[in-house]
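Each remark here refers to the structure printed beneath this line.
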Protein chains: 2
Amino acid sequence: MDTATNPDVPNVRLRQAHALHVHFSDTDAIPFPTRTVGRGDALFSTGEPMRSLYTVQSGCFKSITTYPGSDDDSPPHLQVTSFHLPDETLGLDSVCTGHHESDAVALEASVVRIMPVGILEPLCREYAAMQHELLAIMSAEIVRASRLALMLGTMPARERVAAFLLDLSERVDTHETPSEELVLPMTRADIGSYLGLELETVGRMLSKLHREGTIELNGRQVRIVDRAKLALH
Amino acid sequence: MDTATNPDVPNVRLRQAHALHVHFSDTDAIPFPTRTVGRGDALFSTGEPMRSLYTVQSGCFKSITTYPGSDDDSPPHLQVTSFHLPDETLGLDSVCTGHHESDAVALEASVVRIMPVGILEPLCREYAAMQHELLAIMSAEIVRASRLALMLGTMPARERVAAFLLDLSERVDTHETPSEELVLPMTRADIGSYLGLELETVGRMLSKLHREGTIELNGRQVRIVDRAKLALH
DNA sequence: CGGGGGGTTGAGATGTCTCAAGGGGTGTGG
DNA sequence: CCACACCCCTTGAGACATCTCAACCCCCCG
């Protein structure tokens, strides 16, 4: 069942073992409809019945999970659980209950491809490769979420921010080589929520990395100067 | 695609929306082989090729994820990413790469049912309900991992321990009603690793809950006295 | 020109970690 | 049967990282 070698399943494209993002290569040919979402608008919201899976074509999204406050009047916990760049799939957390378990909000004007489940599941039953792809995507998502949990559980703030930058830079690469130049589409608060830090802490760590010469920093513009040092702590 | 109402998919059994654990009800009838694992032994280890999925029949496992240390000589990060009680499924993180991404270690003498993927995938293609179950289980796992990440990112130590106890008590219930009495099969260090805390902190929080009368505590024996108060912080 | 969102930086409060000591089981070998 | 070692757990005290609160800046937009 090795996706790299199994001749029965040639179409799973793992972007990078590291980044753990995949997309449906088979579906590229199928003329699924698209939808445009404005900055700050929700593609879907928690509790809505799931109708489709979505693949980002352009733009960027954040997924927000709500956890009911311990008591009724206390504010519920909120957290950004993932960011979704082009070619990545949204909505996988909803398969188990049939309802979305998170909000998907566009960080900028974005376009998604809509893959209705009514079409997807029969397709999967018919084509082994397709079924395997869907399973692989979901499995990758499990690993991704576990990695995040691990990071939140074990790494200090500085390493979290560094790892975040590295992960992002590897995911935005359109060519084979990761790009050193990136523009963060999200706020410090979004990053902090994702990393389990306060926005001030995120800012401080970015500033520190800047002062040390590991990155260049200008608002949301980041340039990775010393990738090795970034990975090395 | 609502698992509760869709007549095409009657067999998904969600134990509780909260616990987010499911099992293959269809496969109960199939005489899959079993395997016995001794306390402390690994059911599988990171990097091994995946051959099967496993369902716990009796006993308990922990999944350990390894994250390579930032530099080569520093010790790698380790974290317990989940515990697996009877009826729960192990090995789902390996579908994407075809290799196990974690170690599964028995916390006590345990028995698992072995479901070879070579049998499982064709089965899924043939039976819509089966396919849907597998997808639902994996999706549930995504939500579970995201919840864990959320908890690690936002909750203070005390709430983490409380949530852990509640989650466990809901998962061990063999009857309809959650049991107030539970025996923790794992060490404080295991719990701490899972919750992103040090073992001393876990112990202190348990002691504090005990002093407040929220739980009774005697080593690994826990009795939930005031479930409401436990949930309420 | 005023307002609001996003970002930076500082200083004190606080929660968790670290280090350390000691107690209770259990298994093993003398 | 005892002695010892080892593992697990508990508790304390100080160190440290991050959070909290606050002030200020910039920029964009109405």
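These numbers come from the heavy atoms of this one structure, side chains and all, not from hydrogens, waters or symmetry mates. Naming convention: chains lettered A, B, ... in sequence-line order (proteins, then strands); numbering from 1 in each chain.
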Does a side-chain heavy-atom distance below 4.5 Å link [X] with [Y]?
X: B/Glu48; Y: B/Ser45; answer: yes
X: B/Pro116; Y: B/Phe32; answer: yes
X: B/His99; Y: B/Ser94; answer: no

*Look up atom CG in B/Leu230 and atom CD in B/Glu212, then write down how far apart they are to the nearest 0.5 Å.*
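With rounding to 0.5 Å, CG (B/Leu230) is 10.0 Å from CD (B/Glu212).
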
*Find the distance between NE2 (B/His100) and CG (B/Leu92) and round it off to the nearest 0.5 Å.*
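So the NE2 of B/His100 and the CG of B/Leu92 are separated by 10.5 Å.
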
When the distance from [atom1] of [X] to [atom2] of [N] is rounded to whole Å, what number comes out?
X: B/Glu159; N: C/dT16; atom1: CD; atom2: P; answer: 10 Å
X: B/Arg220; N: D/dC8; atom1: CZ; atom2: C1'; answer: 7 Å
X: A/Arg160; N: D/dT18; atom1: CZ; atom2: C1'; answer: 10 Å
X: B/Lys208; N: D/dT11; atom1: NZ; atom2: P; answer: 12 Å
X: B/Leu107; N: D/dC7; atom1: CG; atom2: C1'; answer: 15 Å
X: B/Leu199; N: C/dC19; atom1: CG; atom2: C1'; answer: 12 Å
X: B/Leu152; N: C/dT16; atom1: CG; atom2: C1'; answer: 14 Å
X: B/Met205; N: C/dG15; atom1: CE; atom2: P; answer: 9 Å

_side-chain N/O B/Ser207 vs D/dT11 OP1/OP2, d < 4.0 Å_ =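 For D/dT11, OP1/OP2 do have a side-chain N/O of B/Ser207 under 4.0 Å.
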
*Determine: side-chain N/O of A/Arg158 to OP1/OP2 of D/dA17, distance under 4.0 Å, yes or no.*
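False: A/Arg158 side-chain N/O out of range (4.0 Å or more) of D/dA17 OP1/OP2.
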
*Please indicate whether B/Arg39 has more than 12 foreign heavy atoms, meaning atoms of other residues, nucleotides or ligands, lying under 6.0 Å from its CZ.*
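No.
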
_Go nucleotide by nucleotide along DNA chain D from the 5' end; which of B/Arg39 and B/Arg211 gets its closest nucleotide reached first?_
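Result: B/Arg39.
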
*Taking only the side-chain heavy atoms of B/Leu197 (C-beta and beyond), determine which of C/dG6, C/dT16, D/dT18 contains the nearest atom.*
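Among the listed nucleotides, the one closest to the side chain of B/Leu197 is C/dT16.
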
*asked:* Classify B/Gly192 by what it touches in the nucleic acid, base, sugar-phosphate, or nothing, heavy-atom distance under 4.0 Å.
replied: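 It contacts nothing in the nucleic acid.
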
*For nucleotides 20-30 of chain D, read 5' to 3', which letter fits each nucleotide if B means a protein heavy atom sits under 4.0 Å from the base, S means only the sugar-phosphate is that close, and - means neither?*
BB---------

*Between A/Tyr54 and A/Phe61, is the gap from one ring center to the other below 6.0 Å?*
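Not under 6.0 Å, so no.
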
